[in-house]
Amino acid sequence: MFQFAVLKLTRTPRCAGHTAPRSLQAASGAKFRLRSERLRYHVASLALRAALDTDYEGCLSESSVVETCNEAPLLLRVLRCDPSVPRPPVWFMRQAGRYMSAFRMYSGRYAFRERAETPEIAVELSLQPWRAFGVDAVIMFADILTPLPPMGLDYQIVSGQGPSIKTPVRCMEDVELVRPLTPEDTETALSFVGTTLSTLAHTLADARPRPALLGFLGAPFTLAAYGIEGEGGRASSGKQVKRMMYTAEGRELMHRLLQKITQSMIVFAAYQARKGAEAIQIFDSWAHLLSPEDYQEFSLFYVEELVRGIRAHGVETPLIFFANGSCGKLGVISAMYPADTREANGYRGLDALALDWRTSIAEARQLFGKRAVLQGNIDPTVLACGDTASVKAAIDRCVCAASGGAHILNVGRGIQPDTPEEMVALFCEHVRALPETDWYQQLRHRHLVENGVPG
Ligand SMILES: Cc1c2[nH]c(c1CCC(=O)O)Cc1[nH]c(c(CCC(=O)O)c1C)Cc1[nH]c(c(CCC(=O)O)c1C)Cc1[nH]c(c(C)c1CCC(=O)O)C2
């Protein structure tokens, strides 16, 4: 039957209207469910060859077929739960940063916002870690605060201190002054983000292996916390935020602000997807401030709204959720992360859960099951202070703990500025060498058998 689909392709003359013949869609797996993932990719690559045949030139964009076959970026294959990937992909939160000498050439010369808002510089900074270490993902250079100025929340990054918002949100009048982001704002005030992403997409198109291109945004609670704390936000214990959460009028104000930010981030995510982001990470970096109950009310509720809104815009881009301080909150997160139910109920929610380094990834694997995609979660301090053996051991332990399902290797918080570049290089080399080790082969074999992929 599969052979038939491909044969039919090669014999049918050039199709009109630039739409893929049904048989090609079927062969590429878009409308056709094959039991074995490996077969699906085999059929997809045959379909690709057929599609590139002169008869079919122009029928189907190459990327739509490549996406479903083995040439797709490793990270995207993992996000689609392809069990046959040879190793976990690797990238680092805050991989573009001061620990790199190439980065310091720019950070010593240009202020943060100038770097982030000048596409030529942002593209260069985004590419540096990929060129230096061969990471499996390029994340656009910007900040979670990047979309705030057009909303009326101007910010600066103060050297050695972190973000500073000149006019923090403290009363209802301040909230009313916050302007939800519109699609027009993205095309004007935030167009540098689009230019950075589309330039990166273009630059990376021919790279083999091609890294995935990532966009990102702040989770509503984390952005609200920055908006409320304002000055000194980075080191703050979140007292202003708590003052708001624990008074009746403050609470109302907080929810109003969270709604506005959620609506804005839906628009921002849709814009990033349109400009070429192949996956989007949502950073809930301040969630560690919250108890599990408050977390549900002030953070998860809005993350759910955000995801629903993004999907309602027709955006199918995979979404990775970084839940900082997820330790002790996995139970409440699991209610929202529908890994096992997503196909059953037709609701496509989050695609992957990124864990901070204090959370047990083994526990998360047990709780979320083999169909969950987990990301993380090595203590970034190991890279900053550890020796070679400790870094390798941390990777091996993490891979074993996360095993039994799809896994993206990453640190469990941003890379620290005092991290030696050699350690990041060593980290990536060790991950790339995993398929050569016996223990990893065994782990992978078991995983493939359990997923019904012929070894
Ligand atoms: C909380 C948060 C912020 N920004 C971000 C988060 C979420 C990640 C996390 O939880 O750590 C996300 C972020 N910030 C930056 C990126 C760029 C892409 C990448 O990851 O390489 C990303 C994804 C650049 C940046 N954003 C910032 C820097 C460092 C300052 C500089 O380069 O001038 C970089 C490279 C500034 C920033 N921006 C923020 C802080 C706390 C700081 C100060 C950090 C410091 O001083 O080390 C807010």
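Model, not experiment: these values are computed from the prediction. Read the numbers this way: they start at 1 and go in the same order the structure lists the ligands and their atoms.
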Lys166/Asp174 salt bridge by N-O under 4.0 Å criterion: no

Min heavy-atom dist Phe103 to ligand 1 below 4.0 Å: yes

Test: Arg113 and Asp154 ion pair at under 4.0 Å: yes

Proximity winner for atom 34 (C) of ligand 1, if only heavy atoms of Tyr110, Phe112, Tyr226 are counted: Phe112

Best match, Arg94, Arg113, Met140, Gln281: closest heavy atom to atom 18 (C) of ligand 1: Met140

Numbered atoms and elements of ligand 1 in range of Ser285, under 4.0 angstrom, heavy atoms: 1 (C), 7 (C), 8 (C), 9 (C), 10 (O)

Per atom 2 (C) of ligand 1, closest listed option by heavy atom (Ile144, Val138, Ile415): Ile144

Heteroatom distance test (Ala96, ligand 1): nitrogen or oxygen, under 3.5 angstrom: yes

Heavy-atom closest pair, residues Val399 and Leu434: CG2-CD1, 4.0 Å

Salt-bridge present (Arg256, Glu252; N to O < 4.0 Å): no

Proximity winner for atom 26 (N) of ligand 1, if only heavy atoms of Asp356, Asn324, Asp143, Ile282 are counted: Asp143

Under-4.0 Å salt bridge between Glu429 and Lys392: no

Atoms of ligand 1 close to Arg413 [distance to a heavy atom under 4.0 angstrom, numbered from 1]: 9 (C), 10 (O), 11 (O)

Nearest neighbour of atom 33 (O) of ligand 1 from the list Arg98, Gln156, Arg115, Met100, on a heavy-atom basis: Arg115

Carboxylate-amine/guanidinium contact Lys329 Asp284, below 4.0 Å: no

Ring geometry between Phe92 and Phe427 (parallel below 30°, tilted from 30 to 60°, perpendicular above 60°): perpendicular

Sub-4.0 Å heavy-atom approach of Ala142 to ligand 1: yes

contact_flag Pro163 ligand 1 heavy-atom lt 4.0 Å: yes

From CD1 (Ile228) to CZ (Phe221), nearest 0.5 Å: 7.5 Å

Where ligand 1 meets Gly162 - atom numbers and elements under 4.0 angstrom, heavy-atom basis: 43 (C)

Approximate separation, where rounding is to 0.5 Å, of Gln272 CD and Ile310 CD1: 9.0 Å

Close-contact set for ligand 1 against Ile157 heavy atoms, below 4.0 Å: 36 (C), 37 (C), 38 (N)

Min heavy-atom dist Ile139 to ligand 1 below 4.0 Å: yes

